Amino acid sequence: MANEPIKIPQATAKRLPLYYRFLKNLHSSGKQRVSSAELSEAVKVDSATIRRDFSYFGALGKKGYGYNVNYLLGFFRKTLDQDELTKVALIGVGNLGTAFLNYNFLKNNNTKIEVAFDVDESKVGTKIGDVPVHHMDDLEEVIINNNIQVAILTVPAPPAQAITDRMVNAKIKGILNFTPARLTVPASIRIHHIDLAVELQSLVYFLKNYPEEM
Ligand code: ATP
């Protein structure tokens, strides 16, 4: 997104990959246009939000016609830097980390887990889902040599901050944090937290307390 001149709101930016995936499917099934109502039903975002989001992309849907799928795809590809492969490091090859290495969800959107790291000697030197597992001692060297800018953190919470500090020194730009630890980083580093336990608890809370608003 670095060389994209259009500044779009963060909430809109977060929905881009969702729109992109759906439009790619539409495109491969030969569809050339889509209405905001169809999109809304498919991605579960209300159509007013979709129209507002798309107006930032310069895509103005026409009444009775909808949006041009090719135009939108071109925009998303450029904006999401789909022409450029983003290499990702995974730190912590436990149950969750191993699942990510085996699950090739990253293959179709030009991000690839290139290397993994762990302290466990029985894992170091092995390959999981084609990804080599390196020792943590080599973290900075491997990250810098492979020009890796994004990391997925799947270690236990206690070492998470110290590992993050090392990644910051190795010039990592973004971290997808699956640990419950709240990490402190310089303002230039972007962190997205995915705390599965908290998300699940919050879902259960909403079901119990707001059941009729569904
Ligand atoms: P497992 O059953 O393999 O231990 P787990 O997901 O239950 O998996 P966790 O204790 O959450 O285990 O640890 C996740 C992974 O993080 C493990 O592979 C562990 O070796 C690794 N790990 C622990 N501490 C560090 C660290 N300081 N640096 C890198 N990896 C670490």
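Predicted model, so just to flag it, every value in this text is computed and none were measured. As the structure lists them, so they are numbered: ligands from 1, and atoms in each ligand from 1.
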Requested in this report: Starting from the C-alpha separation in whole Å, work towards a yes-or-no answer on side chain to side chain donor-acceptor pair (under 3.5 Å) for Ser202 and Glu199.
Outcome: CA-CA 5 Å; Ser202 136; Glu199 292 297 331; 5.0 Å; no
Query raised in the report: So which heavy atom in the protein is nearest atom 4 (O) of ligand 1, and how far is it from that ligand atom?
Result: Lys123 NZ, 4.3 Å
Query raised in the report: Nearest protein heavy-atom contact for atom 30 (N) of ligand 1: which residue, which atom, what distance?
Result: Val155 CG1, 3.5 Å
Query raised in the report: Does Gly97 have a heavy atom less than 4.0 Å from any atom of ligand 1?
Result: no
Requested in this report: Report the relative orientation of the aromatic rings in Phe178 and Phe100; use parallel for angles under 30°, tilted for 30 to 60°, perpendicular for over 60°.
Outcome: tilted
Query - Thr12 vs Asp53, side chain to side chain donor-acceptor pair (under 3.5 Å): CA-CA, chis, key distance, verdict - result: CA-CA 6 Å; Thr12 301; Asp53 283 353; 2.8 Å; yes
Report task. Answer whether the closest heavy-atom distance between the side chains of Tyr67 and Ser35 falls below 4.5 Å. Result -> no
Query raised in the report: Do the non-hydrogen side-chain atoms of Phe117 and Val133 ever get within less than 4.5 Å of each other?
Result: no
Query raised in the report: Can you tell me the protein heavy atom closest to atom 31 (C) of ligand 1 and the distance?
Result: Val119 CG2, 3.5 Å
Report summary line: Of all protein heavy atoms, the one nearest atom 27 (N) of ligand 1 is Pro159 CB, 3.4 Å
Query raised in the report: So with a 6.0 Å cut-off around CZ of Arg166, is the heavy-atom count from everything else above 12?
Result: yes
**Report entry** Verdict with reasoning, Lys31 to Glu38, per salt bridge (charged side-chain N to carboxylate O under 4.0 Å, His left out)
**Finding:** CA-CA 12 Å; Lys31 250 188 125 174; Glu38 270 175 285; 2.4 Å; yes
Query raised in the report: Does any N or O in the side chain of Thr49 come within less than 3.5 Å of the main-chain N or O of Val45, such that one atom is a donor and the other an acceptor?
Result: no
**Report entry** Closest to atom 11 (O) of ligand 1 (judged by heavy-atom distance), picking from Pro156, Ala157, Gly94
**Finding:** Pro156
Query raised in the report: For ligand 1, which atoms have a heavy atom of Ile163 less than 4.0 angstrom away?
Result: 26 (C), 27 (N), 28 (N)
Query raised in the report: How does Thr98 reach ligand 1, by side chain, by backbone, by both or by neither, if only non-hydrogen atoms under 4.0 Å count?
Result: neither
Requested in this report: Give a yes or no answer on whether the side chain of Thr154 reaches the backbone of Ile91 with a donor-acceptor pair at less than 3.5 Å.
Outcome: yes
Query raised in the report: Is there a nitrogen or oxygen of Ile91 sitting under 3.5 Å from a nitrogen or oxygen of ligand 1?
Result: no
Query raised in the report: For ligand 1, which atoms have a heavy atom of Gly92 less than 4.0 angstrom away?
Result: 15 (C), 16 (O)
Requested in this report: Tell me which protein heavy atom sits closest to atom 29 (C) of ligand 1, plus the residue, atom name and distance to 0.1 Å.
Outcome: Met136 CG, 3.3 Å
**Report entry** Contact partition for Asn95 relative to ligand 1, non-hydrogen atoms under 4.0 Å
**Finding:** both
Query - Residue and atom name of the nearest protein heavy atom (relative to atom 19 (C) of ligand 1), distance in Å to one decimal - result: Asp118 OD1, 3.5 Å
Query raised in the report: What about Asp120: any of its N or O atoms under 3.5 Å from an N or O on ligand 1?
Result: no
Query - Ile148 and its side chain to side chain contact (heavy atoms under 4.5 Å, CB included) partner, picked from Ile113, Val115, Val88 - result: Val115
Query raised in the report: Any idea which atoms of ligand 1 are less than 4.0 Å away from a heavy-atom of Thr154?
Result: 14 (C)
